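Presented below is the structure to which this report refers.
Basis for what follows: all heavy atoms, side chains included, without hydrogens, waters or symmetry-related copies. Since the model is a prediction, treat every value here as computed from it, not as a measurement.
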Amino acid sequence: GNEALFALAYDMARIGVNAIDENYLFPAEMGRGERALDYQYYAAIPLLMIAELGMRHSKNLYTENDGALGKVVTEVLIPAIEGDKALLDK
């Protein structure tokens, strides 16, 4: 049922969140050249959706990997929207 599907999605999301590196980037997406930033968003959005669903089930994906998912948003994605793409140079 829905609970089993959610559990599977949550487990897969945990893998994605734990792949975030110390610079709050998804390393698998960094090899995409000038499109690396686009793929950082592409990787983060479904994880954020599952994290929000998890909160309804008393599961906090935001605490995984030392809070990396929230830091992707605050340290990479929002600054990039504001014009600061320095983290992508690492």
Side-chain angles (χ1 to χ4, degrees):
N2 289 340
E3 289 299 317
L5 289 174
F6 172 75
L8 177 62
Y10 190 85
D11 289 344
M12 303 275 62
R14 285 184 71 211
I15 292 169
V17 170
N18 282 296
I20 298 168
D21 70 13
E22 66 277 357
N23 294 311
Y24 312 120
L25 297 167
F26 296 94
E29 309 306 341
M30 292 308 294
R32 298 184 184 267
E34 63 186 47
R35 300 193 69 200
L37 178 60
D38 297 334
Y39 280 91
Q40 296 296 314
Y41 283 99
Y42 185 77
I45 290 170
L47 297 178
L48 291 164
M49 290 172 29
I50 293 171
E52 290 300 312
L53 289 172
M55 298 300 282
R56 294 182 184 182
H57 292 86
S58 300
K59 294 181 175 242
N60 192 345
L61 197 56
Y62 293 109
T63 61
E64 289 285 325
N65 192 8
D66 201 25
L69 184 56
K71 291 175 184 172
V72 165
V73 174
T74 61
E75 302 297 319
V76 177
L77 303 182
I78 291 174
I81 290 170
E82 295 171 344
D84 181 5
K85 297 178 175 90
L87 271 174
L88 293 174
D89 294 331
K90 293 186 177 189

Rounded distance [0.5 Å steps], CD in E22 versus CG in N65: 10.0 Å
Minimum-distance pair of heavy atoms, taken over all atoms of V17 and E64: CG1-CB, 3.7 Å
D21 side chain to N23 backbone, donor-acceptor under 3.5 Å: yes
Spacing of R32 atom CZ and D38 atom CG [to the nearest 0.5 Å]: 10.5 Å
Heavy-atom pair with the smallest gap, counting every atom of P27 and A19: CD-O, 3.2 Å
Nearest heavy atoms of A80 and Y41, plus distance in Å: CB-OH, 4.1 Å
Nearest heavy atoms of F6 and I50, plus distance in Å: CE1-O, 4.4 Å
Minimum heavy-atom distance between V72 and F26, given as atom pair plus value: CG1-CE1, 4.1 Å
M55 with Y10, same ILVMFWY side-chain cluster at under 4.5 Å: yes
Pair Y62-E52, side-chain hydrogen bond (donor to acceptor under 3.5 Å, both in side chains): steps then yes or no: CA-CA 9 Å; Y62 293 109; E52 290 300 312; 2.4 Å; yes
Test side-chain contact (heavy atoms from CB on, under 4.5 Å) applied to M49 and L53, step by step: CA-CA 6 Å; M49 290 172 29; L53 289 172; 5.6 Å; no
From L77, I20, V76, D66, residue fulfilling side-chain contact (heavy atoms from CB on, under 4.5 Å) relative to K71: D66
Validation row: Y39, M30 side chains within 4.5 angstrom (heavy atoms): no
Enclosure of R35 CZ (heavy-atom neighbours >12, cutoff 6.0 Å): no
Y24-I81 co-clustered via ILVMFWY side chain contacts under 4.5 Å: yes
Heavy-atom pair of closest approach, residues L69 and A44: CD1-O, 4.5 Å
I15-L47 co-clustered via ILVMFWY side chain contacts under 4.5 Å: no
Common cluster, V73/Y42, ILVMFWY with side-chain heavy-atom separation under 4.5 Å: no
